[in-house]
Structure formats: structure tokens, C-alpha cells
Colleague: 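This is the structure I have questions about; it appears just below.
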Amino acid sequence: MFRLLRMDLYRMIRSKSVYVCMGILLLMIMASLGLVWLVGTPQGQEVAMRIGLFTAADLADETDTMAGVDTLIMLRQSSMDGGVYNLIFGIWVMLFVCMDYQSGFIKNVMAVHQNRWNYVAAKIATAGIVSLLYLPAQYLVVLMMNRLLGDMAPCSPLRDVLFYLSWAWLLTVAFAALVILVCVWTRSVAAGALTAVLLGSGMVQGPMYALLSMVKMGDWMKYTIYHALDQGPNRFTAPSDLYVYAVGAGFLALYMAAAGILLKKQDI
């Protein structure tokens, strides 16, 4: 496995897609926080009226958008909640895995490495390392933008940041395992991309939750990857907050096992 992981990390470092996806995530955070500054701070509102982005009447209707907001909430609202992160991250995972099938490189890998579980484990480990780089990078950009824009919000306690980033990382790796499962099963770029877009963004889970809630049957969806990442706790207050770890670990084990079983049964 470690030889495969080393090879995957080498390919990841040399690929452009990992940097493009990171750039998209960071630019989205910058744009989001820039808009918050224009709408939610007196200095920003002056600039917004001066450039004609808003009128005084438009801004008069705005409530205090920064009430109760800290840097961790900034990160969640600008990137994590709503599935934006998993959408972009899932697309990178799809590109990274499907590249093996599109180029035919998978045949060379399987000829040398007979244990196909190692292939799945190496891909998930690579995705985990990438997410481990993406998440702190995003928070650092939030801190930088917050400072540049005049300290719009107070900094979150470090223990809360570490708690949130740890369980968010586990859930994003579980989602990466789902994308890997679909790519291994279908060997299709389109299927992997649809999984990342539809399930990563919540386009499937959102309407389903709304419909099930109408008949009071939607509570179980709290334990899906999308809703756990969207609605999970900012800080640890009680043992019940640890359910997000159970959701992430459970889905990670399930999707990893399913991908390994499928790969073992396939002819490469």
C-alpha cells in the first residue's frame, strides 16, 4: 500500500487539478468574505454605495449580518455548509481516480500490485491528505481576509477550530470514498462528476429531506454525510456532539469496503 501511496502522492503533487481546485475554493472564500464586508460593515457599505453596487435604501433594509459571527462561522458559511467544499473536492477525487482508467494506467498498477484493497486504501489515503491540506488552508485564508478587512469577526477558540476541522475532515474523506466507489464501479468520468455535483452539493438530499420532513420521516437524514457536514456542531458541548465522528467513520468504512469488493471482482 505504501508504495502505491507514494506513487499517488507523487502524481498528485505534479498534477494541476489539485492546485486548480484549491484555488477555486480559496477564491470563493475571498469573494464571499469581500461581499460580507461590503454589506455588513460601515466602511464596506460606503464603498458599495460609492461604486453603485447598492443604494442607501438597499442597505437600510439589511440587518446586522455580523451578529454572533466568528471566524469559524465565516469558514462554514463561505465554503463548508451547503456542500460547496465536497462538490469541488469530489470533482478533484473523480479526476484523480478516473485518470487511471482513462489512460489505461490501472492495468499496469494491477499487474504489479495484486492486492486490490491496497489500491483503494492508497486512493482514500491520498484524498485524506489533500483534504488535510485544503481545510487548514481555507481557515488560514479566512483569518487573513478577516484581518485585511478590519477584523470583522472575533477569532474562534483554537479548541473549537480543531474540533470542527477534525470531524469535517473525516466526513470529507468519507465523501471521497463514495466518489472513489462510484468511479471504481462505473469507470466513468460522468458518473463520478454527477456524484460529486448531485450528492456533494445536496441537490438530492435537500429536496428529499424537505419531502420526508412533511410526513415527519426526515430525522434520519441528519446522519447522512451532507447533513452532518451542514448541520454539525461548531464546538463540543456534550457527548452527543460526537455523532459526526460516528457518521464519518461509518460511511468511510462502508464505502471503502464496497470499493475493495467491487475492484476484486472486476476484470481490469
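Quantities reported herein were computed from a predicted structural model and do not represent experimental measurements.
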Colleague: Is there a continuous path of hydrophobic side-chain contacts, each under 4.5 Å between heavy atoms, that joins L27 to I24?
Modeller: yes

Colleague: By the side-chain hydrogen bond (donor to acceptor under 3.5 Å, both in side chains) test, which pairs, at least two apart or in different chains, include something from residues 211-226?
Modeller: T224-H227

Colleague: Hey, are Y139 and T71 close enough side-chain-wise for a donor-acceptor pair under 3.5 Å?
Modeller: yes

Colleague: With sequence neighbours excluded, what pairs up with D241 under the salt bridge (Lys or Arg N to Asp or Glu O under 4.0 Å) test?
Modeller: none

Colleague: Let me confirm one number: the SG-CG distance from C183 to L95, rounded to the nearest 0.5 Å.
Modeller: 9.0 Å

Colleague: Applying a strict under-4.5 Å side-chain criterion to I, L, V, M, F, W and Y, I'd like to know whether L158 and L165 cluster together.
Modeller: no

Colleague: Report yes or no: do M221 and M214 belong to one cluster of Ile/Leu/Val/Met/Phe/Trp/Tyr joined by side chain heavy-atom distances under 4.5 Å?
Modeller: no

Colleague: If you look at every heavy atom in V69 and P154, which pair is closest and at what distance?
Modeller: O-CD, 3.3 Å

Colleague: So how far is it from L25 CG to Q138 CD, rounded to the nearest 0.5 Å?
Modeller: 5.0 Å

Colleague: Check whether L162 and L72 end up in the same hydrophobic cluster, where Ile, Leu, Val, Met, Phe, Trp and Tyr are linked by side-chain heavy atoms less than 4.5 Å apart.
Modeller: no

Colleague: Looking only at heavy atoms, what is the nearest atom pair of A228 and V247, with distance?
Modeller: CB-CG1, 4.1 Å

Colleague: Under 3.5 Å, is there a donor-acceptor pair between the side chain of S79 and the main chain of L75?
Modeller: no

Colleague: Looking at M22 and A137, what are the two nearest heavy atoms and their distance?
Modeller: CE-CB, 4.3 Å

Colleague: Out of curiosity, Y85 OH to M28 CE, how far, rounded to the nearest 0.5 Å?
Modeller: 13.0 Å

Colleague: Would you call L242 and Y245 a side-chain contact if the rule is heavy atoms closer than 4.5 Å?
Modeller: yes

Colleague: Roughly how far, to the nearest 0.5 Å, is the CG atom of L254 from the CG atom of L181?
Modeller: 8.0 Å

Colleague: Rounded at 0.5 Å granularity, tell me how far OG1 in T172 sits from CD1 in I225.
Modeller: 9.5 Å

Colleague: Apply salt bridge (Lys or Arg N to Asp or Glu O under 4.0 Å) to D230 and list each qualifying residue two or more places apart in sequence or on a separate chain.
Modeller: none

Colleague: How far apart are the C-alpha atoms of W37 and Q43, what are their side-chain angles, what is the distance that settles it, and do they pass the side chain to side chain contact (heavy atoms under 4.5 Å, CB included) test?
Modeller: CA-CA 8 Å; W37 178 75; Q43 300 90 339; 4.1 Å; yes

Colleague: Determine, using the 4.5 Å side-chain heavy-atom cutoff (strictly less than), whether Y10 and L4 are members of one ILVMFWY cluster.
Modeller: no

Colleague: Is the shortest heavy-atom distance from the side chain of M12 to the side chain of W92 under 4.5 Å?
Modeller: yes

Colleague: Locate the shortest heavy-atom distance separating L135 from A168; write the atom from each residue and the value.
Modeller: CD1-C, 4.2 Å

Colleague: Are any non-hydrogen side-chain atoms of Y19 and I13 less than 4.5 angstrom apart?
Modeller: yes

Colleague: Would you say the side chain of V18 lies within less than 4.5 Å of the side chain of Y134, judging by non-hydrogen atoms?
Modeller: yes

Colleague: Give every donor-acceptor pair under 3.5 Å between a side-chain atom in residues 140-150 and any protein atom, sequence neighbours left out.
Modeller:
residue : atom : partner : partner atom : Å
N146    : OD1  : M152    : N            : 2.9
N146    : OD1  : A153    : N            : 3.0
N146    : ND2  : A153    : O            : 2.9
R147    : NH1  : D151    : OD2          : 2.7

Colleague: Are the side chains of F89 and C21 in touch, meaning some heavy atoms are under 4.5 Å apart?
Modeller: no

Colleague: Taking all atoms of both residues into account, what is the closest heavy-atom pair of Y255 and A174, and its distance?
Modeller: CD1-O, 3.5 Å

Colleague: Under 3.5 Å, sequence neighbours excluded: what are the donor-acceptor pairs made by side chains of residues 121-130?
Modeller:
residue : atom : partner : partner atom : Å
K123    : NZ   : D8      : OD1          : 3.1
K123    : NZ   : D8      : OD2          : 3.2
K123    : NZ   : D100    : OD2          : 3.0
T126    : OG1  : A122    : O            : 2.8

Colleague: Is a side-chain donor-acceptor pair under 3.5 Å present for R3 with N118?
Modeller: no

Colleague: Carefully, step by step, assess F251 and L178 under the rule side chain to side chain contact (heavy atoms under 4.5 Å, CB included).
Modeller: CA-CA 8 Å; F251 278 111; L178 170 60; over 6 Å; no

Colleague: Please report, to 0.1 Å, the donor-acceptor pairs under 3.5 Å made by any side chain of residues 191-206, with sequence neighbours excluded.
Modeller:
residue : atom : partner : partner atom : Å
T195    : OG1  : A191    : O            : 2.9
S201    : OG   : V197    : O            : 2.3
Q205    : NE2  : L199    : O            : 2.9

Colleague: For the SG atom of C155 and the CG atom of D160, what is their distance to the nearest 0.5 Å?
Modeller: 12.0 Å

Colleague: Is the NZ or CZ atom of R235 positioned over F163's six-membered ring, under 6.0 angstrom from the centre and within 45° of the axis?
Modeller: no

Colleague: Determine the interplanar angle of the Y164 and W167 rings, folded into 0 to 90°, and report it as parallel if under 30°, tilted if 30 to 60°, perpendicular if over 60°.
Modeller: perpendicular

